[in-house]
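Since the structure comes first, as structure tokens, the remarks are kept for the end.
All values below were derived from every heavy atom in this structure, side-chain atoms included, with hydrogens, water molecules and symmetry-related copies excluded. Numbered from 1 within each chain, the chains take letters A, B, ... in sequence-line order.
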Number of protein chains: 4
Amino acid sequence: MDVDPCTLLITCPDRPGLVASVAQFLADRGANILHADQHIDHEKNLFLQRIQFLIDTAGVARVAREFDEVALRFEMEWSLQTPRSKVRVAILTSRESHCLADLLSRWAIDEMRNSELVLVASNHPDHGFLADHYGIPFHHVPVDPEDRSSHPKRIREICDEEEIDLVVLARYMQIIPESMVIDYQNQIINIHHSFLPAFAGAKPYHQAHTRGVKLVGATAHYVTTELDEGPIIVQDVMRVSHRDGIRELRQKGRDLEKVVLARAVRLHLESRVLPYGNRTAVFD
Amino acid sequence: MDVDPCTLLITCPDRPGLVASVAQFLADRGANILHADQHIDHEKNLFLQRIQFLIDTAGVARVAREFDEVALRFEMEWSLQTPRSKVRVAILTSRESHCLADLLSRWAIDEMRNSELVLVASNHPDHGFLADHYGIPFHHVPVDPEDRSSHPKRIREICDEEEIDLVVLARYMQIIPESMVIDYQNQIINIHHSFLPAFAGAKPYHQAHTRGVKLVGATAHYVTTELDEGPIIVQDVMRVSHRDGIRELRQKGRDLEKVVLARAVRLHLESRVLPYGNRTAVFD
Amino acid sequence: MDVDPCTLLITCPDRPGLVASVAQFLADRGANILHADQHIDHEKNLFLQRIQFLIDTAGVARVAREFDEVALRFEMEWSLQTPRSKVRVAILTSRESHCLADLLSRWAIDEMRNSELVLVASNHPDHGFLADHYGIPFHHVPVDPEDRSSHPKRIREICDEEEIDLVVLARYMQIIPESMVIDYQNQIINIHHSFLPAFAGAKPYHQAHTRGVKLVGATAHYVTTELDEGPIIVQDVMRVSHRDGIRELRQKGRDLEKVVLARAVRLHLESRVLPYGNRTAVFD
Amino acid sequence: MDVDPCTLLITCPDRPGLVASVAQFLADRGANILHADQHIDHEKNLFLQRIQFLIDTAGVARVAREFDEVALRFEMEWSLQTPRSKVRVAILTSRESHCLADLLSRWAIDEMRNSELVLVASNHPDHGFLADHYGIPFHHVPVDPEDRSSHPKRIREICDEEEIDLVVLARYMQIIPESMVIDYQNQIINIHHSFLPAFAGAKPYHQAHTRGVKLVGATAHYVTTELDEGPIIVQDVMRVSHRDGIRELRQKGRDLEKVVLARAVRLHLESRVLPYGNRTAVFD
């Protein structure tokens, strides 16, 4: 079949009969379930599910319209991703370009499905040419040292105007104001260049070097109001040794950062990440 | 809840309504579904599912008795693992003891749930003391150079008599006769000390050394009548370098072999492996 | 100290006194040895060494001029990399751009030390814009179906004219003629999208999918006249599962290919790779 | 050649001529250098070297007797490991047996070269049978709740009496007194079940679970007077997911702990670890 499948994400209190009710609801509307992953957090009595199914266009509309029947009964929070609904993405960046260049090249070869890369914004002008090359609008939003609030305000306006669904922080070195973090809950993904919670805060490669660790890591997470404390989506590490100075740690780290960030964005775009509390279920 | 959950494994031609029918069947008998993983092989139009659920004792009996209703309708092959049904395991081994020692220590600390380690058999007498230490019956079945068929015959008898459900080849260097491979289909797990299909056959570490690879691997797979061609369950690799001679490759390989074999056995015991064709779906 | 260090690579028959003689030679000329890695292949009685040292400009000249004294005595093959000698690199590519885009972005942030990226050549015109963006000359050398020998001939001419020291095949889908392979021995690096020797030849992801492996790999190697049999420089793998179709394998594979190729190129540029026979010592 | 090689470890202030002087000293006494690894810590102006060489018995004696000539000139700290000098090892353990069982099986198959496993001691009686099985003397040293100092005192006495060179803490849950830590500097190896510095202190798997990390780790390090802060020798990680509860994290962690601890012990026994400051150079 040529159509992309629909994906339903569900969170609700755990209760017997849930799985059957959802499956029956979909079957009655002609859906063919491809994948159904679920997770139960027993401590929180929470049920999390991701269902991917094939269905015709009329069926999609009925599911979207009628699923509240089921949802109300089980007190569900739910969202439906359809082949037509494209996630609108903005990339924010600063001076370092490796994550940006990597992400742009992935959109260029159509690796980031279900999405449209709408814009790149930065407090530095340098990467405008790269965005141009890939045909993505670039916004240079300088930081005004006289009025530090103007930069985040303008960034927020741009994201609102462009109806951005996902903000990707690709080594963006400015702070997102609390109000934006709250309004874009679980819609802002950051890459931190350490294996969190080790080496949270600034200069993680310096910290790692001082401590003499044998692995360096990278962590992609949703941004919350607590710095470096948001729900983790993807982590990975790379082997290092006493021979690696700060320069080499940074170099190895860059390879890690771009892969980890891209993987997290892809998982999000494929509706594979369900945050709950300060954690995530990742259905990969 | 204190009881271990039941697990249902299903294979059948893919058809709409499958998921809902199974879920409804279980819900009607009071089951609470914990996990439901499924996979569809589009080329073969095959539906594979693993469902884990909690249910009271009466419910278990009803599911076991009545599931054929659903199964017949959808032409399903299925199996049910209940908290009471223990998988009966035999370990076969030869001279090298690292996999055997590792497996025994895992059963000793109760890591291998849903199972009973019934016996260890070997063509060498050396590891009898180790099995004794852990209180597992040990069968020394020597190979008679005059009558090479007597060893495999006796092994087969022992497994049959003890109603073995799973045979683990822990660096067992004898060939399992075709008839036993067929009768114990997907019930014999072997560890091959290479990343198959690279270096199939004998002396894989020598082959790897000669070729100058930078990683060595290990592969746990079900045994089929084609040598080293059975469905792969788990694979892993380890970094090596030009400094590693055969001795070092073997040493690193041993660490890999025992972990990969144990992981495969554990996945099998938790009903997480569904073989289909020459491949496996591993629901982990 | 601000100067980059010099690196000496040595291969010769193993003999006592080698290490001392070289160290003394360098000390007498004012060198301060930073790293000295060596490897002895006992089967071939071969001694391989990489020495990195700091020395003033006059000292560099003396070493370059006088090292043959030592070299002749021990029948050494040797090469000296100095801060001034930049490796001249050409990238050849075809339709797929992920490796090319990744390499270009690394040169742009000055990650590829000791080298100059001189040109990009391709049988397809598509990636000219990308090379332009980074300011690297691009040669479109189409394949003439009437005269298949004209493309490789022109590629060879370009490399010769530009005095290329290292040719990087970044998913280049044409065959390098045997004569060029021989003249550029250990100077052409290719990326193969499998864990060689598994799945050599064409369509490795299809082969991997059919075999049902649980890991996919990538291998960077020097090109020899035997297809996919050249000395391996770097290998790495990534976990896959039954859920990954060809499309997903390709996608995961791309992430691997670009990292593995870049790592191999970097190791070569830092004079860390010493090929011997069909293998390599990698001093990292 | 059948003899095991000698290994010389050197630490001293960095100075030109060092490498040549040592190499010449060894060559003059008939040594054939197999490997020579070195590292320079520029911040501390520290030179670290590991040299492995073959030499006849008379030569060994001369090196041991005469090396102070060189050492004094360069203010070196040095140690020489010869084929005859066996490292005497004690394992301390408590209730959990997985690391102990793994280490015992490694000594049994002669994987731990250059060493003699002299004793196992524990505050619990349970693992005496296992030590017995492998023929290793077992000391049960209970903790007296009335006199908490008696246990560590007795442990210290045993290690002193047996002239132990290396103490391996295989999930040993008692604290080593500061005086013993100081006297056995860089001679006590501990395994911590997290990727330090993340989750230092107690119950790391609970901490990891709460934080929702996607990898768990293990760290082998020398014991210092600062808890969990000693020089790191080996670290490794394993992938986990939201599906892993505390029990599964522990289970995966055990696989990691035993491999990481064994690798660290092996590196130490092969004189591959050179601690400096709070870090290590690991020449592997």
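For the set B:V213, B:T219, B:V234, B:N278, the entry with the most heavy-atom pairs within less than 4.5 Å of chain C is B:V213. Annotation: maximal heavy-atom pairing with chain B below 4.5 Å, among C:R239, C:Q235, C:H221, occurs at C:Q235. Ranked by non-hydrogen atom pairs under 4.5 Å with chain C, the options B:P231, B:P197, B:A208, B:A200 are led by B:P197. Here B:I232 is the residue among B:I232, B:L196, B:D284 with the most heavy-atom pairs under 4.5 Å with chain C. Interface summary for chain C: among B:H209, B:H42, B:E43, B:Q207, the most heavy-atom pairs under 4.5 angstrom belong to B:H209.
Note on ring orientation: taking the six-membered ring where Trp is involved, the planes of B:H39 and B:Y276 are tilted (angle from 30° to 60°).
For C:H268 and C:Y222, the distance between ring centers is under 6.0 angstrom. A ring-centre distance under 6.0 Å is not found for B:H35 and B:F283.
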Going through the distances and angles, do C:D236 and B:K214 end up as a salt bridge (Lys or Arg N to Asp or Glu O under 4.0 Å)?
CA-CA 8 Å; C:D236 211 343; B:K214 302 302 184 190; over 6 Å; no
Show the numbers, then the answer: is there a salt bridge (Lys or Arg N to Asp or Glu O under 4.0 Å) between C:E248 and C:R243?
CA-CA 9 Å; C:E248 286 75 25; C:R243 294 194 190 279; over 6 Å; no
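For C:E229, the parts lying near chain B are the backbone and the side chain together; criterion is any non-hydrogen pair under 4.5 Å. Only the backbone of B:I233 has a heavy atom closer than 4.5 Å to any heavy atom of chain C. Heavy-atom distances place both the backbone and the side chain of B:T280 under 4.5 Å from chain C.
Side-chain contact check for C:T11 and C:E77: no donor-acceptor pair (N or O, by modelled atom type) lies under 3.5 Å.
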